Number of protein chains: 4
Amino acid sequence: MSTPPRSRLRATDARLPLTTAAPPEGTRRRILETALQLFASRGYHDTSIRDLATALELRPSALYAHFAAKDHVLAELVRIGHEAHFEALETAFRDAQPTPVAQVRALVHAHTRVHAEHPQLAMVVNEEFYALSQELAAPAQVLRDRANAMLMDAILRGQAQGQFAPLHPAITAAAIVGMGSRIPHWFEPGGPIEVEALANTHAELALRMLGHASST
Amino acid sequence: MSTPPRSRLRATDARLPLTTAAPPEGTRRRILETALQLFASRGYHDTSIRDLATALELRPSALYAHFAAKDHVLAELVRIGHEAHFEALETAFRDAQPTPVAQVRALVHAHTRVHAEHPQLAMVVNEEFYALSQELAAPAQVLRDRANAMLMDAILRGQAQGQFAPLHPAITAAAIVGMGSRIPHWFEPGGPIEVEALANTHAELALRMLGHASST
Amino acid sequence: MSTPPRSRLRATDARLPLTTAAPPEGTRRRILETALQLFASRGYHDTSIRDLATALELRPSALYAHFAAKDHVLAELVRIGHEAHFEALETAFRDAQPTPVAQVRALVHAHTRVHAEHPQLAMVVNEEFYALSQELAAPAQVLRDRANAMLMDAILRGQAQGQFAPLHPAITAAAIVGMGSRIPHWFEPGGPIEVEALANTHAELALRMLGHASST
Amino acid sequence: MSTPPRSRLRATDARLPLTTAAPPEGTRRRILETALQLFASRGYHDTSIRDLATALELRPSALYAHFAAKDHVLAELVRIGHEAHFEALETAFRDAQPTPVAQVRALVHAHTRVHAEHPQLAMVVNEEFYALSQELAAPAQVLRDRANAMLMDAILRGQAQGQFAPLHPAITAAAIVGMGSRIPHWFEPGGPIEVEALANTHAELALRMLGHASST
DNA sequence: AATGAATGAGATTTCATTCAT
DNA sequence: TATGAATGAAATCTCATTCAT
C-alpha cells in the first residue's frame, strides 16, 4: 500500500462474505474478512499489518492476540479457500451421475461457481499461495492435488470410454482449470453475467475442449 | 524476499533472454534481465532493491543511475513484454489467411508461443501489472486493449459468417486469452511438451471452444 | 549535522524550557524540547532524525509513534512559537493604555521579551519557518500577519493623531519588528544585559524611530 | 530541495548579478551565480550538488573541476559577500565628512545599499554563514568584526562629542546592523520602494535611534 | 572541462513484532 | 482483548564524492 496512490485494483474490493469454512463471528472473523479484501485487491506483500489494523479500526498489536504472525492470516485464508473449493468439488462429484461427461460437467460447474462467488478468496488462493512457506502451504497443496486428480481421472476415463477425444489430456486439463483461475481477474459479481450462466458455459466449454461429440 | 524461507517459486528462475524490445546491452539491460528473473519468481513487492543489487553484484545506489525508481524497472519490463506480445500478434495476424478461422488460429498460436517462450515476462506482465500506478501502466494498457480487440473482432466475424458457434463470445474470449496467461504457472520450458505443440494444441482448443465444426 | 565539524552554533544550545503552549510532559514534549535545541543551533535541514533520536536516547523509529514526519515536529514548534508570541502581544495590547504611544511601547516590549526569553524558539520560528510547506506553515502565517497588523495599526493611528512622525511607516515597522527577530543572533540569556532592560530599550528605540517627541 | 513541493521561498529567486568581487566569467562564475540563487531561496543544506548541477545543465561531477567541495562554493560566496560589503563601508567611510554624524549616515547608507542591491548575497552571508566550518568562515569573520567596529567606533565618538545620546550603545548598534540584515527578508528589488530611498530612511532611523537632535 | 558509472554513507520512513499495562 | 510505546531490521532513495575516460 504505502504512499503512491494506486488506483487500479487487482480484484473487486467489495466486502464479500466468507465461506462457512471460516469462524462464525468475532474479531478473528473480522480480521480474516478484512485481510481477504486487502490481500485480494492489493496483494499480500503490499498490505501491511498497519493497513490491516487501520481498516479494522484496531491497533496493529491487537492482531497478535488473534494470529501469531502475518503469514498465519494468509495461511488461514488459503486453508479456508481450499477447503471450500474441495468440498464443493467433492459434493458435486458425489451428486453427479457416475459418467465421465456428467462428472466433468459437475466438477467444472462447481469449480466455476466457487471462483465466481468468492472471487477474492480465489484471487488470494491462486496468486498469494506462493507467499507462504512450504510448511504453511502444505495442507492446501494436498487438497489442490486431490482436486486436480479428480478432474484428470474423469477426463482419462472419458477418453478410455470414447466419450472424449482430447488433443492432449494434460494441456486440456490445465486449460480447463485455468479457465476458473482467471475468473477473478475479469468477472464482476453483480455484473451482466449470472454466476449460474457462467458455470454452465464453462462446463460446456470444457466438454467442447475435450472433444465431446454432442457439445456443439 | 524477507526472512521466511520460501522454497517454492512462482515461475522458473532460469536466466532467460529478454526479447528484442529490450536495450541490447550494458548495465541497464543487465538490471532488466535480473529484475525479470526476481520479479517473476518472487514477485515485485517481495523483491527489494537490495535483492536486485546483490544479484547484480552492485550497490543499491548504483541502480539509480539507470532507473529513476524501483517501479520504473517494472514499468520497463511491462512495456517490453507488452510490445513483444503485441508485435507477435500483429505479425501473426498480418501473415494469416484473411479468414476468421485462420486468424484465430494464428492469434492463439502467437499468443501461446510468446507466453511459453517468455514465461517470466508473461508472469511479470500478467501478475505484477497491478503494482504499477495508472500512469506507468497506461502505455501497456493500450496494447493490451488492442490485442484483446483483435481476437474479439475475429471471433465476432467468424460468428457472423457462420464458422463459429460460440456459447457466449465474451466468456469464450476470456477463456481463450486466459489459457495463455496460465502458461507460466505450469509450463516448463525444456520439459516434455514442445512450445510448438503447445501452441498448436491451444489454437485447436480455441477453435473447439468457438464451436468450429471441423475441430473435433 | 553530518561530517564536517561545525564548532560555531547559530544560537545558544542551552536546554531551555518550552512555553505553556507545548504539551505538558511525556515523550512528545521531550521530542519537542530536544528538537528545539537542535533545530535552533544547527538548523532544521542539518539535523537528522538520527541526531534527534540519539539526543533523546531513542531509536529513530520510536519518533514516528509521536510525529508523522520530521516536518511535523518543526511545524509543531513553529505553531507553539507563534502562539506564545501572539498571546504575549495580545495580552500586552489589552493591558496597555489605549493610546498609540502606550500600545507601541507595550507591543515592542512584549515582542522583545518573547524573543529574549525564548531565543531558540524565536530562531526556529524566524529562520526555519521557510522549511515548512505552505500547508504546514499556514496556521502560523495567520498569527504572523495579525501580529504585524496590530503594530502597523498602532503606528498609523499615532501618526494620524500627531504623536508619531514616521519617515516611512512600512520601513519603520519592518525595522522595529526586525529588531526583535535579530535578538537570538546576538543576545545571550544570563549575560550582562537583563531581559527587562533590553525590552525597555527596544521600546524606546521604537518610539525614537517613529519620531515620538519626548523620546530623547 | 527533494520531493516535497516547497512553494514558499526565503528570498527572491530572481537571477541577480554578482558583485565585482566575483570572477568575471566562465563556468566558475556561472556556478557561483546559480549557487547564490539556490542557497538564498532554499538554503545551503537544502540544496544538493545535484540540484545545483541540474540548474546549471551540467553533471554533478563536472562541478568538482571548479570547486573542491560543496562548502567551498558557499565559502566563496560568503567571502565575496563580505568583501563587497566591507569595501562599500570602507569607501563610504573614507568619502564622508569626518564627523560621527556624517560617518554613521554614510555607513548605514552603504550597509543598506549593499543589502538591498544584493539581497541574495546578503541572505547567504547572514543565514548560511553558520554552515561553514570555523576554518572556512575565518576570513569573513575578520571583515565582519572590522565592519562592526567601524560603526561602534563612530557611535562612541558621537556620544563622547555630545552629538548622540544612545540609550545603550551596544543594543543600538545591534539594532542598526540588524535593520540591514533583515532587508532580504522583506524588501523586493524593483518593488515600490527605491533602494536610495530605503538607504536614506535607514540612515535617518539610525540617527534617530542614536538620539541625534536634528533627526526628527 | 565534462561525462557516466559507481560508491559508501546516510537520509527518512515503514516493517512486523514485542511487551508492560 | 486491546493499547501505547518501543524496537531492530529493512525499505527506498539521496547524498557528496571519486575515477577512468
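Computed from a predicted structure; not experimentally measured. Numbered from 1 within each chain, the chains take letters A, B, ... in sequence-line order.
In this entry the distance linking CG of A:D51 with C1' of E:dA16 reads 12 Å, nearest Å. Put simply, CG on A:L74 is 15 Å from C1' on E:dA16, counting in whole angstrom units. The CG-P distance, from D:L52 to F:dC15, rounds to 12 Å in whole Å. Here E:dA11 presents its P atom at 12 Å from NE2 of D:H45, a figure rounded to the nearest Å. Between A:H72 atom NE2 and E:dT17 atom C1' there is a gap of 13 Å when expressed in whole angstrom units. When the C1' atom of F:dG4 is taken as reference, atom CZ of C:R28 falls 14 Å away, rounded to whole Å. Note: CG (D:L56) to P (E:dA2) measures 10 Å, nearest angstrom. With rounding to whole Å, B:I49 atom CD1 is found 16 Å from E:dT14 atom C1'.
Residue A:S48 has a polar side-chain atom (N or O) positioned under 4.0 Å from OP1 or OP2 of E:dC15.
Residues A:D51 and A:T54 have side chains that never bring a donor and an acceptor to within less than 3.5 angstrom of each other.
Residues from residues 60-70 of chain A placing a heavy atom under 4.0 Å of any atom in DNA chain E, listed by number, are A:P60, A:S61, A:Y64, A:A69, A:K70.
Nearest-nucleotide positions on DNA chain E for D:L58 and D:R50 put D:L58 closer to the 5' end.
Taking the six-membered ring where the residue is Trp, the centroids of A:Y44 and B:H45 are separated by 6.0 Å or more.
Between A:R30 and A:E57 there is no salt bridge, since none of the side-chain N atoms of the basic residue sits less than 4.0 Å from a carboxylate O of the acidic one. Between A:R10 and B:E127, no side-chain nitrogen of the basic residue sits less than 4.0 Å from a carboxylate oxygen of the acidic one, so the salt-bridge criterion is not met.
Annotation for C:L74 and C:V124: closest pair CD1-CG1, 3.6 Å, computed over non-hydrogen atoms. The two atoms that bring B:F129 and B:A140 nearest to each other are CE1-CB, 3.7 Å, heavy atoms only. Contact record, C:G81 with C:V125: CA-CG2, 3.8 Å, taken as the closest heavy-atom pair.
By the side-chain contact (heavy atoms from CB on, under 4.5 Å) test, A:T27 is found to be paired with A:I31, A:L58, A:H66, residues two or more places apart in sequence or in another chain being considered.
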Original post:
Which string of ( ) [ ] | and . matches DNA chain F, if you list each base 5' to 3' and count Watson-Crick or G-U pairs only when both distances are under 3.5 Å?
Top reply: .||||||||||||||||||||
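One N or O on the side chain of B:H82 and one on the backbone of B:V78 form a donor-acceptor pair closer than 3.5 Å.
Nearest nucleotide to the side chain of C:R59, out of F:dT12, F:dA16, F:dG8: F:dG8.
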